[in-house]
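Input: a single structure, listed below in structure tokens.
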Amino acid sequence: MTKKPINVVVVISGSGSNLQALIDQATAININITGVISNIASAYGLTRATNANIPTEVVDHTQFADRDTFDTALMATIDRYQPDLVILAGFMRILTPAFTKYYTGRMLNIHPSLLPKYRGLHTHRRALEAGDKEHGATVHFVTEELDGGPNVIQAIVPVVKMDTEASLMEKVQQKEHKIYPQAVAWFAEGKLKMEDNKAFLMGELLPPTGKRLSDDDNE
Ligand code: GRF
């Protein structure tokens with residue numbers, strides 16, 4: 001018997017290429033994207049959602065006095081779509097502890113670096129400046145600590161001499177479109193859980209890096 005798909009809400013600020021990967025694989029990974037929410041009205045991801053007949057909402061942070069009131073409104077909006085899982089996909093706002101606590105164990109984020117390396121912004125530039133030979137992307141559970149929740153899965157890309165911020169970004173994003181649907185699929189299957197600030201896959205504690213995208217997939 002096929003399991004009922006889980007409801008997910010995707011929260012974005014921009015292009016939404018990760019959202020697109022989830023839309024494209026929704027049936028395969030057994031998710032129902034009930035809503036897409038953006039803090040930026042012009043975000044292209046909203047168009048992607050509309051094209052896929054997914055309801056959208058804008059919660060514009062500039063219309064709120066402070067982070068607390070914005071986050072409260074965002075939570076209320078998200079909850080109207082009754083998600084089992086909240087997926088941050090290029091959402092560019094820092095969240096309050098009240099928000100992250102409320103969605104503990106049911107909110108994922110994707111970050112363009114091999115966390116714990118390079119939390120925050122400009123990750124591709126920082127990897128280049130450091131002369132790193134490897135860079136990549138990480139899916140992690142969201143906790144109070146910015147880009148600091150337990151890792152679920154990482155994909156590595158080699159850094160070559162010719163790389164620029166733009167070329168690295170492109171390579172990293174291609175991997176993101178594989179690892180985010182994978183992590184979400186695990187969650188939908190009930191295999192991925194967070195407990196005591198640790199991530200478990202099929203009951204096994206994941207290593208600090210998270211799972212690594214297998215070499216077969218890592219071409
Ligand atoms: C991704 O690179 C993700 O790692 C970061 O923001 C970017 C979003 O890209 N958090 P998109 O909007 O999914 O195309």
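Residue indices begin at 1 and follow the sequence shown. For ligands, and for the atoms within them, numbers begin at 1 and follow the listed sequence. Scope of the values below: all heavy atoms of this structure, side chains included, with no hydrogens, waters or symmetry mates.
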Any chance the side chains of [X] and [Y] put a donor and an acceptor closer than 3.5 Å?
X      : Y      : answer
Asn39  : Ser13  : yes
Asn109 : His140 : yes
Asn7   : Asp84  : no
His177 : Ser17  : yes

- Heavy atoms of Val10 and Ile33 approach each other most closely as CG2-CG2, 4.0 Å
Could you pull out all donor-acceptor pairs under 3.5 Å where a side-chain atom in residues 101-108 meets a protein atom, sequence neighbours excluded?
| residue | atom | partner | partner atom | Å |
| --- | --- | --- | --- | --- |
| Tyr102 | OH | Asp79 | OD2 | 2.5 |
| Tyr103 | OH | Met75 | O | 3.3 |
| Tyr103 | OH | Asp79 | OD1 | 2.9 |
| Thr104 | OG1 | Thr100 | O | 3.1 |
| Thr104 | OG1 | Lys101 | O | 2.8 |
| Arg106 | NH2 | Tyr102 | O | 3.0 |

Are there any N/O pairs under 3.5 Å between ligand 1 and the protein, and if so, what are their distances?
| residue | atom | partner | partner atom | Å |
| --- | --- | --- | --- | --- |
| ligand 1 | 2 (O) | Gln173 | NE2 | 3.2 |
| ligand 1 | 2 (O) | Glu176 | OE1 | 3.1 |
| ligand 1 | 2 (O) | Glu176 | OE2 | 3.1 |
| ligand 1 | 4 (O) | Pro112 | N | 3.4 |
| ligand 1 | 4 (O) | Glu176 | OE1 | 3.4 |
| ligand 1 | 4 (O) | Glu176 | OE2 | 2.5 |
| ligand 1 | 9 (O) | Gln173 | NE2 | 3.2 |
| ligand 1 | 10 (N) | Ile110 | O | 3.0 |
| ligand 1 | 12 (O) | Gly16 | N | 2.7 |
| ligand 1 | 13 (O) | Ser17 | N | 3.2 |
| ligand 1 | 13 (O) | Asn18 | N | 2.9 |
| ligand 1 | 13 (O) | Asn18 | ND2 | 2.9 |
| ligand 1 | 14 (O) | Ser15 | OG | 3.3 |
| ligand 1 | 14 (O) | Ser17 | N | 2.8 |
| ligand 1 | 14 (O) | Ser17 | OG | 2.5 |

